[in-house]
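Here the structure comes first, spelled out in structure tokens, and everything after it is commentary.
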Amino acid sequence: MALLDYFLRKKDKPITTASKAKERLQIIVAHERSSRNKQPDYLPQLTEDILVVLRKYIQVSDESFSIKLDNKDGDLNVLELNIELHDEQKKG
Amino acid sequence: MARIIVVTSGKGGVGKTTSSAAIGLGLALKGNKVVLIDFDIGLRNLDLIMGCERRVVYDFVNVINGEATLNQALIKDKRVSSLSILPASQTRDKDALNKENVGKVLEELGKSFDFIICDSPAGIEAGAMMALYYADEAVVTTNPEVSSVRDSDRILGMLASRSRRAELGLEPIKEHLLLTRYSPKRVEEGEMLSVEDVEDILSIPLLGVIPESQAVLKASNAGEPVILDTMSDAGQAYQDVIDRLLGETVDFRFLVAEKKGIFSRMFGG
């Protein structure tokens, strides 16, 4: 049976240390990336609310609007709104 | 306009200085005017790897403090006249560098050089941030090993958020993956992360794969960057890196282990 075991083991390769390393890295890197770009929970709702107010006055498509909370140098938080206006709206 | 390239990694000992030296010399050998800057204030080593340690008179911090001009501090390489080295200081405190004074030096260098290669210190402290701040491109030097890959990912985060390009909302730094100390044999045995594994995790374009090679230690012993050892696998792999940096498409070499013949298998070898 030992001989059979030997051949079977060869076929379905045991988990290598390299594949363990890859799996662990994928998990930790994904985790660290998500905490790096962590946005506060209220941001999606805030975005919706701002869009509702804006649309009372001007036409804004979802693509021409972006909102971002940046952390500059660790102690300064900046809320950045980016709204692209179409040509006719600039004049008015 | 000079291309400012930072050679960075996060983790120490992965081959930043070896790679900076090889890339700087390789680009200069192709006729480009290149300056190599050591940003590792307090722990300079680029001068040793380049073999010019005995010619250091003035350094980066002297220039910053106005104690020497750039021309006084720049060391001309004896092998290639279009290559200069700006050594780091060995004694000064590392807070000597700031965005303003480093920016001025880089601007001045940009007038007379095609490439500015910034050899970053390890870590994510001020020195490393200074080295990457003005970069247009980054060579992220990584070993196929868990701590190096994780640190490289952290540095990628810094490149995307703490650089001048990020702060001004310009086109982001162009990132290149340089995998060093690669051992195809150990990859085949499942003991080492493969090129594809590291590419999968970091998801940045591959610039080069440098095989684990005895030539690297020999080169640093002699103060002759390994790219000059044109017979060695590492030297040739760095040469391919240069060609890719200059826009050529070159196939990747040294990715598979050399197959042993039946005799060396039987009798060892």
Side-chain angles (χ1 to χ4, degrees), chain A residues 5-41 43-44 46-47 50 60-86 90, chain B residues 10-11 98-99 124-126 129-130 133 140 142-169 172 175 177 179 181-204 212 255 257:
Chain A
D5 277 350
Y6 175 78
F7 284 111
L8 282 176
R9 206 179 306 143
K10 274 274 172 181
K11 254 181 211 162
D12 49 55
K13 280 186 185 165
I15 299 164
T16 61
T17 55
S19 55
K20 266 188 214 161
K22 185 180 184 185
E23 200 188 312
R24 290 171 59 216
L25 270 169
Q26 278 173 326
I27 293 167
I28 190 68
V29 162
H31 176 75
E32 287 176 349
R33 275 183 199 161
S34 67
S35 59
R36 207 149 66 205
N37 315 317
K38 197 170 169 85
Q39 299 283 13
D41 303 336
L43 211 60
L46 178 67
T47 309
I50 290 175
V60 188
S61 63
D62 286 350
E63 299 85 58
S64 57
F65 177 85
S66 70
I67 184 167
K68 189 165 77 170
L69 190 70
D70 255 350
N71 189 292
K72 305 245 180 200
D73 298 330
D75 50 1
L76 181 68
N77 285 327
V78 178
L79 183 67
E80 192 179 296
L81 286 185
N82 221 320
I83 308 151
E84 253 175 61
L85 296 178
H86 297 291
K90 274 185 207 159
Chain B
K11 190 174 181 298
N98 62 46
K99 281 177 194 170
I124 52 171
E125 302 302 312
M129 291 304 111
M130 271 302 99
Y133 186 74
V140 180
T142 308
N143 289 168
E145 177 269 327
V146 284
S147 47
S148 175
V149 175
R150 181 197 207 173
D151 290 358
S152 289
D153 191 68
R154 292 224 43 201
I155 281 292
L156 288 172
M158 302 286 177
L159 290 170
S161 64
R162 303 281 294 276
S163 62
R164 173 181 157 274
R165 283 175 172 271
E167 283 183 3
L168 300 182
E175 300 153 337
L177 172 61
L179 203 56
R181 309 200 66 167
Y182 193 69
S183 170
K185 186 166 171 282
R186 302 199 72 184
V187 172
E188 277 165 30
E189 284 163 1
E191 294 176 1
M192 183 181 268
L193 291 165
S194 69
V195 180
E196 294 78 22
D197 291 341
V198 181
E199 280 184 289
D200 265 5
I201 295 160
L202 295 179
S203 45
I204 57 171
E212 171 84 56
L255 300 186

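Just so we're clear, the structure is a prediction, and the values are computed from it rather than from any experiment.
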Requested in this report: Give the C-alpha distance, both sets of side-chain angles, the deciding distance and a yes or no for side chain to side chain contact (heavy atoms under 4.5 Å, CB included) between B:Leu193 and A:Leu25.
Outcome: CA-CA 10 Å; B:Leu193 291 165; A:Leu25 270 169; 3.7 Å; yes

Report task. Please indicate whether B:Arg150 has more than 12 foreign heavy atoms, meaning atoms of other residues, nucleotides or ligands, lying under 6.0 Å from its CZ. Result ->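 Open.
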
Query raised in the report: Do other residues, nucleotides or ligands put more than 12 heavy atoms under 6.0 Å from A:Gln26 CD?
Result: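 Check passes, neighbour count above 12.
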
Using 0.5 Å steps for rounding, measure from the [atom1] atom of [X] to the [atom2] atom of [Y].
X        : Y        : atom1 : atom2 : result
B:Glu188 : A:Thr16  : CD    : OG1   : 13.0 Å
A:Arg24  : B:Ile201 : CZ    : CD1   : 11.0 Å
A:Lys22  : B:Asp200 : NZ    : CG    : 4.0 Å

Query - Residue pair B:Met192 / A:Ala18: nearest heavy atoms and the distance that separates them - result: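 Smallest interatomic distance, heavy atoms only, reads O-CB, 3.4 Å.
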
